[in-house]
Structures are given as structure tokens and as C-alpha cells.
There are 2 protein chains.
Amino acid sequence: MPKYELDRIFQALADETRRSMVERLVRGPASVSDLARPLEMSLPAVMQHLQVLEACGLVRSGKSGRVRTCHIQPEGLRAAQEWIAAQRTSWERGLDRLGDYLAEEPQAPDQGLEKRSTS
Amino acid sequence: MPKYELDRIFQALADETRRSMVERLVRGPASVSDLARPLEMSLPAVMQHLQVLEACGLVRSGKSGRVRTCHIQPEGLRAAQEWIAAQRTSWERGLDRLGDYLAEEPQAPDQGLEKRSTS
DNA sequence: CTCATACTTAGGCACGTACTTAACTATTCC
DNA sequence: GGAATAGTTAAGTACGTGCCTAAGTATGAG
């Protein structure tokens, strides 16, 4: 799991066309033409989006005859979701600590753990 | 919730610097200088990343005196996480259907619901 | 063999992104 | 008031992204 994997995964998901390709592929495998049909753009453009999705590991594909069949690889989605979940958890822990602080010390506004411009 | 919000949110998260700013901000508010200190880049560069995070609604900030204090706005993280969760759910439903299919019709390989090249 | 299908490659263009340095504005401290 | 602090604006550069058209390759059908 290389360090810049999340860069590439989020980058891949940052495009409506590629998200719609993912939305299609979670329902089952599809050929390149299947993916291209609803997308008002040229086939080479679809191929490029597909390459982005493959480069970050979200999609895999293999060729059989003249048809390339694509299927999703859900591991990358899980990694992205987990990063977001970790941030939201951390944020909620912060709210809890704030709650504790307000509950425990309603009249002793402690100060001294904060940022002091160390420069 | 405009249609291209997810574009901007995923785009914002597709950068290690901005993710590290989010990781900092989920632990509590911070000034621009606080955000910049661990980031080996100029202050204007940090400002630009901050603007990206604000433009997609992940962060808000306000100025008091000469200090701008930034804090996270978790709504966007939730929206991104939910899109991913929906795809993963859809994918898992597909696995379930496949399991049902294999369990119900182990010797009658039904065909006819699949993609037929309609072109 | 011949033709249509299903990609694939190459090249090019417009625009976007991630920085930089230099110069400027507002606040706070002495 | 004058200097340090915190942030902001402007302009420029290098590289990345998302499309296109045109021309190619490989496979399947007749």
C-alpha cells in the first residue's frame, strides 16, 4: 500500500465521468463499449478514464477476444472510505472531549495546553 | 447540494498536503501559521490549499485580529463517505445475487438477462 | 478474403493545479 | 510612531488533466 495511493484514488473519484463508470461497474462487469455507451464522449477518452481507474487499482480488466471486460476492485474504495471515517472519528472524539471539559470544569477555564507562539 | 460538489471534495482530498491539513483540523481549530508550520512550503501555497478546502466546504475560517482561525466542517466528509459506501453496498448486493444464483440454479445456466450488444 | 467490430496508439490543444518570489496590508507590541 | 507578526495579493512557471481527431491493430462473421 504505497503512500500516494490515496492521492490517486481520490483523484480518480474527483471526476463525474469516472464516478459514473464506477457506479456502473459495481453492478457487474462491463466491456469498454458498455462503459462508453452512456457517456457523451469519444472512445479514446473513455479509455483514458479507464486507465486512471486501473492505475489506482479501483478497476481491473482483461481481454478475451477483441472485448476488454472491466470489473471493480473494491479494496481501493475501502481504503478511501477508511481514511474519511478516521477523520470523522477523530472529529467526534474532539467533540466528546469538549463535552467532558465543559461538564467537568464549568468555572475553571484552564489555560496552558494551548498553542504558544514558539517562534 | 450542487451536483459537482463531490468533484470538488474528492479533488480537495486528492492531495497529501490538503489531507494533512484536514488531519490537523479534525483535532481542533488552527491558525494559518499553525497549518503551515509542519508543511515544507511557502505561506501563500498553504493559503491556496486552504482556499481549495474552503471552496468545497470542508473547512471554514474567520479572522479575529490578524489571526485567521480555521475549523473543519464535517458535512462534506460525510457526503464523500456516503457515496463510497453506496458503491460498496451495491457491489456487495451483486455478490449476494451471484450467491443466490449459484445456490438456486446449480445446473440450469439461465442466460438472457445479460448485455446483448444492442448496437 | 473482406468487412465490420472493438478497441488502441499517437499527437495536439485548452485549461487547471501546485508551487514560487516579491511586494503589499493589517495588527500587535514596545 | 516604528518594528515585528500574520496574513494577503499578484504574477509567473512547470507540469498535469481531459478532451479531441486521425490512423492503427486484432478478432469475428460471412
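Sequence lines set the chain letters: A, B, ... in the order given, protein chains first and strands last, and positions in each chain run from 1. Since the model is a prediction, treat every value here as computed from it, not as a measurement.
For the pair K63(A) NZ and dA6(C) P, the computed distance is 12 Å after rounding to whole Å. Counting to the nearest Å, the P atom of dC19(D) and the CZ atom of R18(A) are 8 Å from each other. The distance between atom CG of D7(A) and atom P of dC15(D), rounded to the nearest whole Å, is 18 Å. Distance, M21(A) CE to dG18(D) P: 12 Å, rounded to whole Å. For Q11(B) and dG16(D), the CD to P distance is 14 Å, given to the nearest whole Å. What separates CZ of R68(A) from C1' of dC7(C) is a distance of 8 Å, to the nearest Å. The CD-P distance, from E16(A) to dT17(D), rounds to 19 Å in whole Å. Residue F10(B) contributes atom CZ, which lies 15 Å from atom P of dG18(D) at whole-angstrom precision.
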Contacts table for residues 82-89 of chain B: side-chain donor-acceptor under 3.5 angstrom, sequence neighbours left out:
| unit_1 | atom_1 | unit_2 | atom_2 | d |
| --- | --- | --- | --- | --- |
| E82(B) | OE1 | R78(B) | NH1 | 3.0 |
| E82(B) | OE2 | R78(B) | NH1 | 2.6 |
| W83(B) | NE1 | E23(A) | OE2 | 2.8 |
| Q87(B) | NE2 | W83(B) | O | 3.4 |
| R88(B) | NE | Q81(A) | OE1 | 2.8 |
| R88(B) | NH2 | Q81(A) | OE1 | 3.1 |
| T89(B) | OG1 | A85(B) | O | 2.9 |

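Linking Ile, Leu, Val, Met, Phe, Trp and Tyr whenever their side-chain heavy atoms come within less than 4.5 Å leaves I9(B) and V52(B) in two separate clusters.
Among residues at least two apart or in separate chains, there is no salt bridge (charged side-chain N to carboxylate O under 4.0 Å, His left out) pair with a member in residues 58-67 of chain A. Within the structure, the side chain to side chain donor-acceptor pair (under 3.5 Å) test picks out the following pairs touching residues 39-52 of chain B (sequence neighbours left out): R18(B)-H49(B).
Annotation: side chain to side chain donor-acceptor pair (under 3.5 Å) contacts of S61(B) (sequence neighbours excluded): E54(B), R68(B). Taking the side chain to side chain donor-acceptor pair (under 3.5 Å) definition, one finds that R24(B) meets it with nothing, sequence neighbours left out.
Dashed line: the shortest gap from a side-chain N or O of S33(A) to OP1 or OP2 of dC7(C) is under 4.0 Å.
Checked for salt-bridge contact, E16(A) and R19(A) meet the test: a charged N lies under 4.0 Å from a carboxylate O.
Comparing dG7(D), dC7(C), dC19(D) by their closest approach to the side chain of V67(B) singles out dG7(D).
For residues 40-55 of chain A, proximity to DNA chain D is found at M41(A), S42(A), P44(A), A45(A), Q48(A), H49(A), defined as any non-hydrogen atom under 4.0 angstrom from a strand atom.
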Could you run down the sub-3.5 Å N/O contacts of the protein with nucleotides 25-30 of chain C?
| unit_1 | atom_1 | unit_2 | atom_2 | d |
| --- | --- | --- | --- | --- |
| dT27(C) | O2 | R66(B) | NH1 | 2.9 |

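Looking at V46(A) and T17(A), their side chains never come closer than 4.5 Å, going by heavy atoms from C-beta outward. Between S20(A) and L39(A) there is a side-chain heavy-atom pair separated by less than 4.5 Å.
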